[in-house]
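First up is the structure itself, then whatever we jot down about it.
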Amino acid sequence: MQSFDSYSIRQDFPVLTRTNRGKPLVYLDNAATSQKPQCVIDAVAHYYANTNSNVHRGVYELAEQAEVLYQNARDNVAEWLNVSSDEIIFTRGATESLNLIAQSYARTILNEGDVIILSEMEHHANIVPWQMVAEQTGAIIEVAPILDDGSLDREKLSELLSLPEAKLLSLCHVSNVLGTVNPVKEVTKEAHKNHVKVVLDGAQSVPHLKVDLRNLDCDFFVFSGHKLFAPMGVGIAFAKKEYLNDMDPYQGGGDMIDQVNFSKTTYAKGVQRFEAGTPNVAGAIGLGEAIRYLKDINFQHADEHEKKLLHLLREQLQGLDGLVEHGTTDDKAGVFCFSIDGVHPHDLATLLDAEGIAIRTGHHCCQPLMQRLGHESTARASFSIYNTLEDVHIFANALKRVVKILA
Ligand SMILES: Cc1ncc(COP(=O)(O)O)c(C=O)c1O
């Protein structure tokens, strides 16, 4: 394993050498999507140039090779998360995975009056699928609030978990807006004591933390490949094996069946039941390669590095008139969400873009959280393994200049 060096890591990401509006690109929108290392781009290109074939269907050599690569990708993901390959369902991403769990699992166990618990910091992808299933089953959604520092209100969450009607908790591991790292292992333990099943949205945790699902002991876990240096259009849903065969299929079609008759169809067992149709083989191979790439990165050092960037940014912005940071709890990932009194975030981002800097503004698909923060829209800079101290200097100096113009 290498020691951690963001300057050397960034050499692996070709897009970071380009300009943005004629200035060197400073990419600080990693919570929206990560850039891709050359090895991932090569793996996808190599698959299409050398091994392209549909999987599960052919007996010829080419198809067999594609099948092996697809299975290797599943094995890589499973090993990375410390679970078994037959607990990993390939999907299009976190959104599809959450919809799958809501429809295939939750819909079968929820009854009228049962309670689904969410938190105030959830992404729309971890709200809307539960509202849909609540409408279908008559279940009720209860929301655990957050405290002013952006951490979870554990007392209120405990009250909700101890409700006799509580059946399922779906919680983000890391907040895409606040950066808060939720204490998911303790929360899962508490939920299980109350016979509440736990779904974790890992979309923002896998790029920052080495996640061990056996250790967390959650029942379901999801993430999107594109936030983990892999291509768009691929992600996973992890489901503990004990649930898989009792879950309803998510979509019907080829590959998810055992026998099809016009009078009755029986379904495949295990993860295959949830992968109808031709999968995103190239995407899965890209995800497997991204994980292989990450094995050489020391995640503890990467976490320390991102915390150092956050610390430096806060230091450099000290005293900036009207600056409000959202999410100040100690245990947080490298996400800096902020507002400047009297300045619209969109204007900020537009002027920063002219300086080569890519940050995100808006509601970040978290409108309920925005309501809690008292803003319609905020600005967010989010770090990754390839961001450097220099990126922080450039961003902080540009932000100070831009605020002078706009305030
Ligand atoms: C916390 C969280 N959950 C879910 C999602 C949805 O991910 P995707 O759009 O890749 O399906 C995102 C994306 O930003 C996210 O940040």
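When a ligand or atom number is given, it counts from 1 through the structure's own listing order. Note: hydrogens, waters and symmetry copies are ignored here, and every other heavy atom, side chains too, is used.
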Tell me every residue that passes salt bridge (Lys or Arg N to Asp or Glu O under 4.0 Å) with Asp353, counting only those two or more places apart in sequence or in another chain.
Arg21

Atom 15 (C) of ligand 1: closest protein heavy atom, distance to 0.1 Å, is His123 CD2, 3.3 Å

Considering only non-hydrogen protein atoms, determine which one is nearest to atom 16 (O) of ligand 1 and report residue, atom name and distance to 0.1 Å.
Gln204 NE2, 2.7 Å

I'd like to check which ligand 1 atoms, numbered from 1 as shown, lie under 4.0 Å from a non-hydrogen atom of [X].
X: Thr95; answer: 6 (C), 7 (O), 8 (P), 9 (O), 11 (O)
X: Ser224; answer: 7 (O), 8 (P), 10 (O), 11 (O)
X: His226; answer: 10 (O)

Between [X] and [Y], do the side chains contain an N or O donor and an N or O acceptor separated by less than 3.5 Å?
X: Tyr293; Y: Asp12; value: yes
X: Thr108; Y: Asp248; value: no
X: Glu376; Y: His363; value: no

Residue part near ligand 1, for Ala94, under 4.0 Å between non-hydrogen atoms:
both

Could you measure the distance from the CH2 atom of Trp130 to the CG atom of Asn99? Nearest 0.5 Å is fine.
9.0 Å

Closest by any non-hydrogen atom to atom 2 (C) of ligand 1: pick that one out of Val222, Asp201, Leu98, Asn176.
Asp201

Which is closest to atom 13 (C) of ligand 1 in terms of heavy atoms, Glu122, Lys227, His364?
Lys227

Validate the cation-pi geometry between Arg10 and Tyr7: distance from NZ or CZ to the six-membered ring centre under 6.0 Å, angle to the ring axis within 45°.
no

